[in-house]
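Notes to accompany the following structure.
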Amino acid sequence: MTYENASVHPLREISIPAPSSVLVMAMVRAVAAVATWDQRRTTRKHLRDLPDHLYGDIGLTRDLVDHEAQKYFWRS
């Protein structure tokens with residue numbers, strides 16, 4: 001199939017993103033979410049493992065640390 005004016009393709013006028021770019025954006029968002037969840041999990045584990053005498057240095061109490069450490073990884 002040929003077009004009379006080869007410089008203007010009828011599909012170029014549509015503003016819907018190409019499926020590949022939608023898929024890529026979804027994958028990027030998924031990877032970013034997993035990275036955030038992993039960072040939260042790791043940070044909470046390190047916080048929980050700190051010795052009690054260091055909590056005062058960072059302005060926390062044992063109760064606050066326990067509350068934060070018990071959160072699920074997907075909770076901020």
Side-chain angles (χ1 to χ4, degrees):
M1 177 194 251
T2 60
Y3 295 101
E4 291 178 17
N5 187 351
S7 64
V8 178
H9 192 278
L11 294 180
R12 291 183 194 235
E13 300 298 322
I14 299 174
S15 63
I16 299 171
S20 62
S21 65
V22 172
L23 180 61
V24 168
M25 287 305 298
M27 290 175 65
V28 166
R29 287 182 182 147
V31 168
V34 170
T36 299
W37 293 342
D38 185 55
Q39 183 180 19
R40 287 180 188 158
R41 183 191 58 82
T42 303
T43 301
R44 289 175 180 153
K45 180 185 179 305
H46 289 309
L47 185 63
R48 185 186 65 228
D49 293 341
L50 280 176
D52 289 345
H53 71 276
L54 293 179
Y55 293 141
D57 292 345
I58 57 175
L60 298 174
T61 63
R62 176 47 115 171
D63 291 336
L64 288 171
V65 170
D66 287 342
H67 181 264
E68 185 66 29
Q70 289 175 1
K71 287 183 181 178
Y72 294 108
F73 63 88
W74 61 85
R75 300 278 184 189
S76 55

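Hydrogens, waters and symmetry mates are skipped; everything else that's a heavy atom, side chains included, is used.
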Pairs satisfying salt bridge (Lys or Arg N to Asp or Glu O under 4.0 Å), at least one member in residues 50-59, at least two apart: D52-R62

Transitive ILVMFWY cluster of Y55, excluding itself - 4.5 Å side-chain cut-off: L47, L50, L54, I58, L60, L64, V65

R40 side-chain N/O to Y72 backbone N/O, donor-acceptor pair under 3.5 Å: no

Gap separating the CD atom of Q70 from the CD atom of E68, nearest 0.5 angstrom: 10.5 Å

Salt bridge (charged side-chain N to carboxylate O under 4.0 Å, His left out) partners for R48, two or more places apart: none

Straight-line distance of W37 CH2 to Q39 CD, nearest 0.5 Å: 14.0 Å

